[in-house]
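Naming convention: chains lettered A, B, ... in sequence-line order (proteins, then strands); numbering from 1 in each chain. The structure displayed is predicted, hence computed values, not measured ones.
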2 protein chains.
Amino acid sequence: MKITEMTQSLILHFGEMGSKWGLNRTLGQMYALIVLTEEPLNADQISDALQISRSNVSMGLKELKSWNLIKLQHIQGDRKEYFTAPSDIWEIARTLVVERRKRELDPTLSMMRDVLLSEASNEADEYTQKRVKEMHDLMEMVTLWSNELQSMSSEKLSALLKLGEGISKILDVKDKLLSSK
Amino acid sequence: MKITEMTQSLILHFGEMGSKWGLNRTLGQMYALIVLTEEPLNADQISDALQISRSNVSMGLKELKSWNLIKLQHIQGDRKEYFTAPSDIWEIARTLVVERRKRELDPTLSMMRDVLLSEASNEADEYTQKRVKEMHDLMEMVTLWSNELQSMSSEKLSALLKLGEGISKILDVKDKLLSSK
DNA sequence: CTGAATTTTCAGTAATTTCTGAAAATTGTA
DNA sequence: TACAATTTTCAGAAATTACTGAAAATTCAG
């Protein structure tokens, strides 16, 4: 498993970024390798290419599976397991958003609900609940969006993102539609 | 500086989440305390409330400043520096999105541009560039959005988020408007 | 079934990140 | 300007997280 210089530098970069995202260096490198390589890869190839232990690869793959970021593939006449990333980059992005939401928002949303159900017995708690309520409502909306993204086709997602700065105009149009009813 | 049980449990939770976000436990706790407390807090109060060293608070505040997440305030007749979070929760959210974009997307975007400018000297690199191009274009659109969010008022942002599942319909409306031209 | 190939687990170690106390730097007032 | 109050810095210690090799578990062809 030889790696071109181009891929090598991308892998290093994604390794660094990996830790800024919820992953870690090795996971970032592994996924970069898988995404940027056309052919399916097995664990030994990954271990070899990234110079990390076979067991580390195994744990990394487990993690990537739990993120739904890789697809398992079998190759005729080969007993090893091979992995690829989805060919549609939008699918990867969608998965990332949804999985991060699960990990970063859902637990907080649920604990905030508990706080909002409890009784505020003094002024400080009243202020706290007010703030929590605002955060809760905001995060709930983000969650709704994330669900919406999850169910959108890549084409639709792409169209939505392409709106870019046009989004303000769309909002205005919507207001007009509503007010003219 | 006494903390109610409610705030205490929120602080602990945000501490845990802090590491899942780009921050770390202490930073998460510190920001939770500041956001959930109505009064401005000084470093000693934070150190005391969270049971962490004064120097750790100093470093945490420095980090929160670099994220633009806190506001410095002076209290008449007191030489200490006091800190608060923005009172508008939307402003906090907007700042978070923008700052995370700066840290998580911008560097990658720039390195991808370099890769795209370089010459692919073999088939593997051609595939790699194709993938990089797709990722680049996607991330660039996300960046455009993030810029757009940055310049939107809290009201407009709120309206946009409230669209929630309505976003698909809006897209359809936009298509109709365009095709009827 | 058997056993070789492959993958997973896990305890110990290595690397990284976070935290602290002491000292240095800065700030503001008298 | 002098100095006490306050904040910042930073080297080393503590805590956390990531990685490895060896062993256990699983898988599957014959």
Side-chain angles (χ1 to χ4, degrees), chain A residues 1 11-12 14-34 40-67 70-84 103-104, chain B residues 1 11-34 40-67 69-84 103-104:
Chain A
M1 183 70 208
I11 284 173
L12 287 181
F14 278 91
E16 294 311 316
M17 298 315 282
S19 21
K20 305 216 175 189
W21 286 70
L23 320 167
N24 64 43
R25 183 159 13 133
T26 307
L27 226 54
Q29 292 189 350
M30 283 182 57
Y31 202 53
L33 179 64
I34 294 174
L41 297 174
N42 66 44
D44 284 322
Q45 291 173 309
I46 298 173
S47 163
D48 182 39
L50 302 180
Q51 315 256 54
I52 57 180
S53 74
R54 185 49 242 274
S55 55
N56 200 2
V57 173
S58 179
M59 295 194 298
L61 288 172
K62 186 180 173 185
E63 186 90 2
L64 289 176
K65 280 175 209 161
S66 84
W67 279 77
I70 49 174
K71 290 177 187 305
L72 172 60
Q73 216 168 58
H74 277 289
I75 287 192
Q76 198 51 265
D78 192 333
R79 208 161 135 188
K80 291 198 175 73
E81 296 187 316
Y82 285 77
F83 297 91
T84 56
R103 282 154 230 254
E104 299 180 2
Chain B
M1 183 69 209
I11 284 173
L12 288 180
H13 178 86
F14 279 90
E16 294 309 317
M17 298 315 282
S19 21
K20 307 218 174 191
W21 287 68
L23 320 167
N24 65 43
R25 188 164 5 137
T26 307
L27 226 55
Q29 294 188 350
M30 282 181 59
Y31 202 53
L33 178 64
I34 294 174
L41 296 175
N42 66 42
D44 284 322
Q45 290 173 309
I46 298 172
S47 165
D48 181 39
L50 302 180
Q51 314 257 51
I52 59 181
S53 74
R54 184 50 244 271
S55 56
N56 200 3
V57 172
S58 178
M59 296 194 298
L61 288 172
K62 186 181 175 184
E63 186 89 2
L64 288 176
K65 280 174 209 162
S66 84
W67 279 77
L69 284 172
I70 48 175
K71 292 177 186 305
L72 172 61
Q73 216 167 58
H74 277 290
I75 287 191
Q76 198 55 262
D78 192 332
R79 207 159 136 188
K80 291 201 176 70
E81 296 188 316
Y82 285 77
F83 297 91
T84 56
R103 283 154 228 255
E104 299 181 0

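Taking atom CG of L64(B) as the reference point, atom P of dT18(C) lies 13 Å away to the nearest angstrom. Between the CD atom of E16(A) and the C1' atom of dA15(C) there is a distance of 14 Å, rounded to whole Å. Residue K20(B) contributes atom NZ, which lies 11 Å from atom P of dT17(D) at whole-angstrom precision. For the pair Q45(B) CD and dT6(D) C1', the computed distance is 14 Å after rounding to whole Å. Between L50(B) atom CG and dT20(C) atom P there is a gap of 11 Å when expressed in whole angstrom units. For the pair L72(A) CG and dT26(D) C1', the interatomic distance rounds to 15 Å; values are reported in whole Å. The distance from atom CG of D48(B) to atom C1' of dT20(C) is 17 Å, rounded to the nearest whole Å. Atom CD1 in I75(A) sits roughly 15 Å away from atom C1' in dT6(C) (whole-Å rounding).
Contact between L50(A) and L33(A) at its shortest, heavy atoms only, is CG-CD2, 4.2 Å. Here the closest non-hydrogen pair linking S47(B) and S53(B) is OG-C, 3.9 Å. The two residues A32(A) and F14(A) make their nearest non-hydrogen contact at CB-CB, 3.7 Å.
Between K65(A) and dT8(C) there is a side-chain N or O to OP1 or OP2 distance below 4.0 Å. Note on K62(B): every side-chain N or O is 4.0 Å or more away from OP1 and OP2 of dT7(D).
Both S19(A) and L61(A) lie near DNA chain C, and the one whose nearest nucleotide falls closer to the 5' end is L61(A). Both L23(A) and D78(B) lie near DNA chain D, and the one whose nearest nucleotide falls closer to the 5' end is D78(B).
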Short N/O separations, protein against nucleotides 19-25 of chain D, under 3.5 angstrom:
| from | atom 1 | to | atom 2 | distance (Å) |
| --- | --- | --- | --- | --- |
| dC19(D) | OP1 | T26(A) | OG1 | 2.3 |
| dC19(D) | OP2 | T26(A) | OG1 | 2.9 |
| dC19(D) | O5' | N56(A) | ND2 | 3.4 |
| dT20(D) | OP2 | S53(A) | N | 2.8 |
| dT20(D) | OP2 | S53(A) | OG | 3.0 |
| dT20(D) | OP2 | N56(A) | ND2 | 3.2 |
| dG21(D) | N7 | S55(A) | OG | 3.1 |
| dG21(D) | O6 | S55(A) | OG | 2.8 |

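Of the listed nucleotides (dT7(C), dT7(D), dA5(C)), dT7(D) has the atom at the smallest distance from the side chain of K80(B).
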Subject >> Test side-chain contact (heavy atoms from CB on, under 4.5 Å) applied to L64(A) and Y31(A), step by step >> reply: CA-CA 8 Å; L64(A) 289 176; Y31(A) 202 53; 4.0 Å; yes
**OP:** Determine, stepwise, if the pair E81(A) / N42(A) fulfils side-chain contact (heavy atoms from CB on, under 4.5 Å).
**Re:** CA-CA 6 Å; E81(A) 296 187 316; N42(A) 66 44; over 6 Å; no
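For R103(A), the side-chain hydrogen bond (donor to acceptor under 3.5 Å, both in side chains) test picks out E99(A), with sequence neighbours left out.
Taking 4.5 Å as the limit, every side-chain heavy atom of I75(A) sits out of range of all side-chain heavy atoms of K80(A).
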